[in-house]
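Report on the following structure.
When reading the values below, keep in mind they use all heavy atoms of this one structure, side chains included, and skip hydrogens, waters and symmetry mates.
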Amino acid sequence: MLSQKITVALEGHHYDIHVGQGLLDQAGDLIAPLLAQPRTVIITDKNVARHQLLRLESSLTQAEITFDTIILPAGEATKSFEQLEKLLDQLLGLQLNREDKIIAFGGGVIGDLVGFAASIYQRGIGFIQIPTTLLAQVDSSVGGKTGINRPLGKNLIGSFHQPDLVLSDIDTLDSLPKRQLLSGYAEVVKYALISDDKFFHWLEENGSKIITGDPDIRTEAILTCCRAKAVVVAEDEKEKGARALLNLGHTFGHALEAEAGYSDRLLHGEAVAVGMVMAFDLSVKMGRCPPEDAVKVRQHLERISLPTRIAKTNHPLSQIKMTAERLFNHTRQDKKQSGGQVTFVLLSGIGKAFLSADVKAGDVRQIFQRAID
Ligand code: GLY
């Protein structure tokens, strides 16, 4: 089978996620039934436009959908108020109305920005996610988190706005640089570490084939992550509880990203990889997790070539001067802070994540210090 479908079932809203090969060529036929009138706007970035846009545009044309295309700059800096404002003005200029739907065609940056624009344009219009990176296909395109960054932190301004359809064409991964694939792979491992130790063992066997490009293994891995996410999002759409588990590695990771200035020196998934190792180290330090599980996770990430510490590696991250104190201060600004306490995702083993606000500041500082020494 070239592609498979799963459904995200929420109260009052459900949508399909299609994963597999050749989906860009079917996009027009899959999108047409969702449109009140046969027109839409594709919003993408320069890199995706260069490699993939023609396939999507031909597919819409074949399905007799008329469209405009907006091409934004590539990179994290696009998740800004400035770009959001420009995009909203362009949509107004195109006289889109509330029945129209727009298409987010790209990685996490495009998905988050376009989703946010869709959530506030005329108080909310529908949108379709066509994610083109592994990271977006396994995580950010599903579940309706949208937003932009501010100097104080990532995704601090945003909304929950669920898409109407997600099309994850794994062919788009073929033109992705290896470093981007690895960054997405960290989020794949995240799903295994949170609740699925069997998936972790499967990744130990098969993970490298996700990077080298085996289509069946890629499809299987993306579906497994999306199934896990669909269950969590259905239970806790607005992150009042269990959804926060999906932030495993992110409190540490966001601190590193902030110190790296949200630059190419550290990709999101790379930060999450180091952050997940730190979450295991903290859990071991607190006596909550067997040390051998932490070792297994570190070894798996290292084998696949993801960074697992800050200093003394040949990753660009090692060239950034970081102090434990500055990193620690970032964790205090983390948005998962509630009632003055930062909630950490800890683990009692591989596949056994839990939330804890009962973490000593001194332990967190020490974990940062260890990753630097
Ligand atoms: N990326 C975590 C979430 O969607 O909740």
Side-chain angles (χ1 to χ4, degrees), residues 1-9 14-35 38 40 42 44 47-65 67 101 103-108 110-111 127-143 162-178 180-182 184-185 187-188 191-192 196 198-199 202-203 205-231 233:
M1 189 185 296
L2 281 180
S3 72
Q4 291 187 51
K5 183 177 85 168
I6 54 182
T7 300
V8 182
H14 64 88
Y15 56 94
D16 292 335
I17 305 170
H18 296 253
V19 182
Q21 295 184 279
L23 286 165
L24 276 189
D25 310 308
Q26 298 168 42
D29 290 339
L30 291 165
I31 291 169
L34 305 178
L35 302 178
T40 186
I42 304 169
T44 189
N47 292 342
V48 178
R50 188 163 54 238
H51 296 291
Q52 324 277 357
L53 186 56
L54 217 57
R55 270 179 74 204
L56 177 58
E57 290 188 336
S58 315
S59 173
L60 295 182
T61 304
Q62 261 178 22
E64 296 180 359
I65 299 170
F67 57 86
K101 294 187 197 301
I103 300 176
F105 184 41
I110 289 293
F127 81 114
I128 290 146
Q129 287 270 22
I130 307 188
T132 58
T133 63
L134 183 59
L135 191 135
Q137 293 185 352
V138 299
D139 189 58
S140 63
S141 66
V142 176
Q162 301 289 340
D164 295 307
L165 177 69
V166 181
L167 299 179
S168 288
D169 186 336
I170 61 162
D171 298 338
T172 62
L173 304 181
D174 292 339
S175 56
L176 214 59
K178 184 171 176 203
Q180 290 286 349
L181 275 173
L182 286 170
Y185 185 78
E187 296 276 359
V188 176
Y191 280 96
D196 193 345
K198 282 201 190 79
F199 185 39
W202 185 84
L203 288 174
E205 286 287 306
N206 297 295
S208 60
K209 296 183 203 148
I210 297 177
I211 307 302
T212 52
D214 181 315
D216 291 336
I217 296 288
R218 278 184 173 169
T219 303
E220 182 64 34
I222 296 163
L223 282 167
T224 303
C225 296
C226 290
R227 269 190 218 108
K229 184 152 190 182
V231 171
V233 171

**Gap between atom OG of Ser59 and atom CG of Asp29 - 0.5 Å precision** = 6.5 Å
**Asked** Is the count of non-hydrogen atoms from other residues, nucleotides or ligands lying under 6.0 Å from Leu34 atom CG greater than 12?
**Response** yes
**Request:** Just jot down the side chain to side chain donor-acceptor pair (under 3.5 Å) partners of Thr172, sequence neighbours excluded, or say none.
**Result:** Gln137
**Asked** Tell me, which pairs form a salt bridge (Lys or Arg N to Asp or Glu O under 4.0 Å) where one or both residues lie in residues 54-63, sequence neighbours left out?
**Response** Asp25-Arg55, Arg55-Asp169, Arg55-Asp171
**Message:** Looking at His14, I want to see if its NE2 is surrounded by more than 12 non-hydrogen atoms of other residues, nucleotides or ligands under 6.0 Å.
**Reply:** no
**Message:** Using the rule given for side-chain contact (heavy atoms from CB on, under 4.5 Å), can you reason through Leu35 versus Lys101, listing the C-alpha separation, both sets of side-chain angles and the distance that settles it, and then say yes or no?
**Reply:** CA-CA 7 Å; Leu35 302 178; Lys101 294 187 197 301; 3.9 Å; yes
Can I get a per-line list of side-chain donor-acceptor pairs under 3.5 Å for residues 223-230, giving both atom names and the distance, sequence neighbours left out?
unit_1: Thr224; atom_1: OG1; unit_2: Glu220; atom_2: O; d: 2.7
unit_1: Lys229; atom_1: NZ; unit_2: Asp139; atom_2: O; d: 2.8
unit_1: Lys229; atom_1: NZ; unit_2: Asp139; atom_2: OD1; d: 3.2
unit_1: Lys229; atom_1: NZ; unit_2: Val142; atom_2: O; d: 2.9

**Message:** According to side chain to side chain donor-acceptor pair (under 3.5 Å), who are the partners of Asn47, at least two apart in sequence or on a separate chain?
**Reply:** Arg50
**Message:** Suppose we screen for side chain to side chain donor-acceptor pair (under 3.5 Å). Which residues come up paired with Glu187, at least two apart in sequence or across chains?
**Reply:** Lys190, His250, His268
**Message:** To check you understand the geometry: which heavy-atom pair defines the closest contact between Gly108 and Ser140, and what is its length?
**Reply:** CA-OG, 3.6 Å
**Message:** Which residues pass the side chain to side chain contact (heavy atoms under 4.5 Å, CB included) test with Pro215, not counting sequence neighbours?
**Reply:** Gln21, Ile170
**Partners meeting side chain to side chain donor-acceptor pair (under 3.5 Å) with Thr61 (sequence neighbours left out)** = none
**Complete:** Shortest non-hydrogen pair, Ala104 vs Gly111, comes out as CB-CA, 4.0 Å
**Message:** Under the rule for salt bridge (Lys or Arg N to Asp or Glu O under 4.0 Å), what residues qualify as partners of Asp196, not counting sequence neighbours?
**Reply:** none
**Exercise: identify the closest heavy-atom pair between Ala136 and Ser141** = O-OG, 2.8 Å
**Prompt:** Could you give the distance from CD1 (Ile222) to OG (Ser168), rounded to the nearest 0.5 Å?
**Reply:** 6.0 Å
**Message:** My understanding is that only residues two or more places apart in sequence, or in another chain, count here; which of them pass ring-ring contact (aromatic ring centres under 6.0 Å, His included) with Phe127?
**Reply:** His161
**Item:** Heavy-atom side-chain contact between Leu135 and Gln180 under 4.5 Å
**Value:** no
**Minimal non-hydrogen separation, Val166 against Tyr15, with atom names** = CG2-CE1, 3.9 Å
**Fill in**
Taken to the nearest 0.5 Å, the spacing of Thr40 OG1 from Ile103 CD1 works out to 4.0 Å
**Complete:** Asp214 meets the side chain to side chain contact (heavy atoms under 4.5 Å, CB included) criterion, sequence neighbours left out, with Lys209, Asp216, Ile217
**Request:** Work out which heavy atom in Ile42 is nearest to a heavy atom in Leu60; give both atom names and the distance.
**Result:** CD1-CD1, 3.7 Å
**Message:** Is there a side-chain contact between Val188 and Phe199 in this structure, where contact means two heavy atoms from C-beta onward sitting under 4.5 Å apart?
**Reply:** yes
**Request:** Sequence neighbours left out, what passes ring-ring contact (aromatic ring centres under 6.0 Å, His included) with Phe67? Give chain and number order.
**Result:** none
**From Asp164 atom CG to Ile31 atom CD1, the distance as rounded to the nearest 0.5 Å** = 10.5 Å
**Message:** Quick one, Thr219 with Gln4, criterion side-chain hydrogen bond (donor to acceptor under 3.5 Å, both in side chains). Give me CA distance, side-chain angles, the key distance, then yes/no.
**Reply:** CA-CA 8 Å; Thr219 303; Gln4 291 187 51; over 6 Å; no
**Request:** Kindly indicate whether the side chain of Phe105, heavy atoms from C-beta on, has any atom under 4.5 Å from the side chain of Leu24.
**Result:** yes
**Prompt:** Rounded to the nearest 0.5 Å, how far apart are CD1 of Ile210 and CG of Leu182?
**Reply:** 10.5 Å
**Message:** Assess the residue pair His51 and Thr132 against the criterion (side-chain contact (heavy atoms from CB on, under 4.5 Å)); give the C-alpha distance rounded to whole Å, side-chain angles, the decisive distance to 0.1 Å, and a yes or no.
**Reply:** CA-CA 10 Å; His51 296 291; Thr132 58; over 6 Å; no
**Prompt:** Of the non-hydrogen atoms in Ala192 and Leu203, which two are nearest, and what is the gap between them?
**Reply:** CB-CD1, 4.0 Å
**Request:** Would you mind reporting whether Gln52 and Ile130 have side-chain heavy atoms less than 4.5 Å apart?
**Result:** no
**Results of salt bridge (Lys or Arg N to Asp or Glu O under 4.0 Å) for Asp16 - residues two or more places apart only** = Lys5
**Request:** To the nearest 0.5 Å, tell me how far Thr133 OG1 sits from Leu173 CG.
**Result:** 7.5 Å
